[in-house]
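Down below is the structure, laid out as structure tokens.
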Amino acid sequence: MKALVLAGGAGSRLRPITHTSAKQLVPVANKPVLFYGLEAIRDAGIREVGIVVGDTEAEIRGAVGDGSAFGLDVTYLRQDAPRGLAHAVLIAREYLGGDDFVMYLGDNFIVGGIDGLVDRFRAERPQAQIMLTHVSDPRAFGVAELDGAGRVVALEEKPEVPKSDLALVGVYLFSAAVHEAVGELKPSARGELEITDAIQWLIDHGHRVESTVITGYWKDTGNVTDMLEVNRLVLESVEPHVEGEVDGASELIGRVVVEAGARVTGSRVVGPVVVGAGSVVRDSYVGPFTSIDRDCAVLDSEIEYSIVLRGASIDGVGRIECSLIGREAEVTPAPRVPKAHRLVLGDHSKVQISN
């Protein structure tokens with residue numbers, strides 16, 4: 001079995017961060033989201049991985065390399081533009097050959113990995129296997145309709161009137177039969193080749209499509225709110241350890257990681273928190289569910305439930321919450337402007353001014 005990892009999207013919902021960084025490389029607990037997916041693929045016993053890349057190819061290549069750091073053999077497949085998930089399968093046809101494969105969206109995060117899903121596919125041998133989860137607003141997803149026996153009977157991409165609340169999670173398993181389905185597709189109203197249409201083609205032509213409704217945690221980290229939520233979840237599992245410097249005037253509470261080369265002085269840090277290598281936290285408060293990447297500075301400030309990317313500095317800011325701060329960003333107080341009232345009052349006026 002091979003894996004096809006999609007890492008070519010523009011990441012419009014994470015702008016302005018993604019103007020200068022691939023969305024799959026935005027870190028969660030100081031590790032790019034993409035890396036969690038690659039590790040899940042490796043842990044499922046898959047070694048050959050094709051990564052579909054677009055305009056951020058150089059950055060993805062620089063981060064992942066040949067895959068050996070993950071125990072993988074990586075091949076890069078260029079997609080000229082985001083033309084749909086099924087289009088990624090189309091351009092990967094030669095690479096995939098006649099092999100079964102798992103398709104993994106590089107900005108998705110799934111707790112517990114995909115081992116069980118892969119094992120089930122290998123044992124039962126359907127032509128396709130999908131993961132589903134209940135969502136509050138299925139109109140934003142591909143939606144599956146099941147029959148009374150739990151078999152997939154219909155799929156629709158981002159329907160105006162969903163027939164269920166079961167959304168497709170960003171992991172799919174296919175046999176080589178999917179290539180014929182993809183070859184028959186026409187662009188949807190969105191101008192894309194939809195993977196839901198390919199799966200529907202398989203169903204309509206008598207191929208077996210199985211589904212698993214997951215009850216664990218899944219997130220598409222395509223926006224800031226979900227990114228912060230995944231960061232919270234991952235930080236919940238960190239084990240406290242201190243390799244950097246923490247002075248006697250500082251207090252570390254709960255699960256706090258201070259990486260080698262980091263310095264915490266005169267500060268209170270309430271975990272779960274990760275302070276990256278080379279970062280400085282001085283005379284500050286760092287609250288729960290905050291990850292501070294390497295070479296950052298948090299000085300005379302307060303921050304919690306936030307992600308701070310590499311090289312950013314926060315200096316003299318009273319309180320920051322629920323924030324995603326980009327690489328090399330600088331956050332400082334606004335200049336103090338004296339308060340004044342400008343008045344033009346008529347004769348015999350009476351004015352009350354609240355200070």
Shortest non-hydrogen pair, V52 vs A88, comes out as CG2-CB, 4.2 Å

Output for pair (Y76 OH, E57 CD), nearest 0.5 Å, gives 8.5 Å

Do any N or O atoms from the side chain of S279 and from the backbone of D293 form a donor-acceptor pair under 3.5 angstrom? yes

Closer than 3.5 angstrom, by distance alone: can the side chain of S188 be matched with the main-chain N or O of E194 as a donor-acceptor pair?
no

Side chain of N30, backbone of V275: donor and acceptor closer than 3.5 Å?
no

When rounded to the nearest 0.5 Å, the distance separating CD of E328 from CG of D295 is 8.0 Å

**Asked** Going through the distances and angles, do V182 and R93 end up as a side-chain contact (heavy atoms from CB on, under 4.5 Å)?
**Response** CA-CA 10 Å; V182 169; R93 176 69 181 90; over 6 Å; no

Note: G67 and V74 closest approach over all heavy atoms is CA-CG2, 3.6 Å

Here the pair of heavy atoms bringing L235 nearest to A29 is CD2-CB, 3.9 Å

Report task. Kindly determine whether L85 and V89 satisfy side-chain contact (heavy atoms from CB on, under 4.5 Å), including the steps that lead there. Result -> CA-CA 7 Å; L85 304 188; V89 177; over 6 Å; no

Between D55 and R78, is there a side-chain N and carboxylate O pair less than 4.0 Å apart?
yes

Check: Taking the inter-plane angle between the rings of W201 and H207 on a 0 to 90° scale, is it parallel (under 30°), tilted (30 to 60°) or perpendicular (over 60°)?
Finding: parallel

- Check whether any side-chain heavy atom of E39 lies under 4.5 Å from a side-chain heavy atom of K31, and answer yes or no. yes

| query | Hey, does L193 have a side-chain heavy atom less than 4.5 Å from the side chain of P187? | reply | yes

Do L132 and L168 have side chains that approach each other closer than 4.5 Å (heavy atoms only, starting at C-beta)? yes

For the pair R327 and E59, find out whether any cationic side-chain nitrogen is under 4.0 Å from an anionic carboxylate oxygen. yes

Side-chain donor-acceptor pairs of residues 305-318 under 3.5 Å, sequence neighbours excluded:
{"residue": "Y305", "atom": "OH", "partner": "E229", "partner atom": "OE1", "Å": "3.4"}
{"residue": "S306", "atom": "OG", "partner": "E304", "partner atom": "O", "Å": "2.9"}
{"residue": "S306", "atom": "OG", "partner": "C322", "partner atom": "N", "Å": "3.4"}
{"residue": "S306", "atom": "OG", "partner": "S323", "partner atom": "N", "Å": "3.1"}

request  = For R263, look at atom CZ and say whether over 12 heavy atoms of other residues, nucleotides or ligands are found less than 6.0 Å away.
outcome  = no

Checklist entry - Same cluster or not: are V246 and V280 linked, directly or through other Ile, Leu, Val, Met, Phe, Trp or Tyr residues, by side-chain heavy atoms under 4.5 angstrom apart? => result no

On a heavy-atom basis, the closest approach of F174 and A128 is CD2-CB, 3.7 Å

Whether Q24 side chain and I60 backbone form a donor-acceptor pair below 3.5 Å
no

Enclosure of R122 CZ (heavy-atom neighbours >12, cutoff 6.0 Å):
yes

- Keeping the roles fixed (side chain from R208, backbone from E124), state whether a donor-acceptor pair exists under 3.5 Å. yes

Q | Test item: Y104 and V49 side chains (from C-beta on) under 4.5 Å apart, heavy atoms | A | no

Item checked: Single-linkage hydrophobic cluster L252~V270, side-chain heavy atoms < 4.5 angstrom -> no

Here the gap from L105 atom CG to Y172 atom OH, rounded to the nearest 0.5 Å, amounts to 6.0 Å

Here the gap from I253 atom CD1 to S250 atom OG, rounded to the nearest 0.5 Å, amounts to 11.0 Å

Looking only at heavy atoms, the pair that brings P159 and P138 closest together is CD-O, 4.2 Å

For H87, the side chain to side chain donor-acceptor pair (under 3.5 Å) test, sequence neighbours excluded, returns Q79

* **Polar side-chain atom of E302 near backbone of R319 as donor-acceptor pair, under 3.5 Å** => no

Worksheet entry | Any donor-acceptor N/O pair, D99 side chain to M1 backbone, under 3.5 Å | no

Does G287 offer a backbone N or O that forms a donor-acceptor pair with the side chain of T290 under 3.5 Å?
yes

- Query: Do F141 and V153 share a hydrophobic cluster, counting only Ile, Leu, Val, Met, Phe, Trp and Tyr and linking them when any side-chain heavy atoms are less than 4.5 Å apart?
  - Reply: no

- Apply the test side-chain contact (heavy atoms from CB on, under 4.5 Å) to residues T196 and E156: give CA-CA distance (whole Å), side-chain angles for both, the deciding distance (0.1 Å), then the verdict. CA-CA 6 Å; T196 46; E156 191 174 3; over 6 Å; no

Notebook entry, point to check: Quick one: are V152 and L146 in side-chain contact, heavy atoms under 4.5 Å?
Noted result: yes

Under 3.5 Å, is there a donor-acceptor pair between the side chain of S267 and the main chain of D283? yes

### Query
With a 4.5 Å heavy-atom cut-off, do V64 and F70 have their side chains touching?
yes

**Request:** Give me the ring orientation class for F109 and Y36: parallel if the planes are under 30° apart, tilted from 30 to 60°, perpendicular past 60°.
**Result:** perpendicular

### Query
Any chain of hydrophobic side-chain contacts (each under 4.5 Å) joining L202 to L155?
yes

Surrounding NZ of K163 (heavy atoms of other residues, nucleotides or ligands, distance under 6.0 Å), is the total greater than 12? no

_With a 4.5 Å cut-off on side-chain heavy-atom distances among I, L, V, M, F, W and Y, is there a chain of contacts connecting L90 to L6?_
yes

- prompt: Is there a donor-acceptor pair closer than 3.5 Å between any side-chain N or O of D100 and the backbone N or O of L173?
  reply: no

| task | Go through the steps to decide whether V242 and V264 satisfy the test side-chain contact (heavy atoms from CB on, under 4.5 Å), and finish with yes or no. | result | CA-CA 10 Å; V242 176; V264 178; over 6 Å; no

| message | I want to check something: taking the side chain as every heavy atom from C-beta on, are E210 and R120 in contact at a cut-off of under 4.5 Å? | response | yes

Scanning both residues in full, the closest heavy-atom pair of L117 with V171 reads CD2-CG1, 3.8 Å

Between the CG atom in D300 and the OG1 atom in T332, the distance rounded to the nearest 0.5 Å is 12.5 Å

Can you tell me if CZ on R282 sees more than 12 non-hydrogen neighbours from other groups inside 6.0 Å? no

In this structure, CD of E236 is separated from CG of N231 (nearest 0.5 Å) by 11.0 Å

Query - Over 12 foreign heavy atoms within 6.0 Å of CD, E330 - result: no

Close side-chain approach of R61 to V53, heavy-atom, < 4.5 Å = no

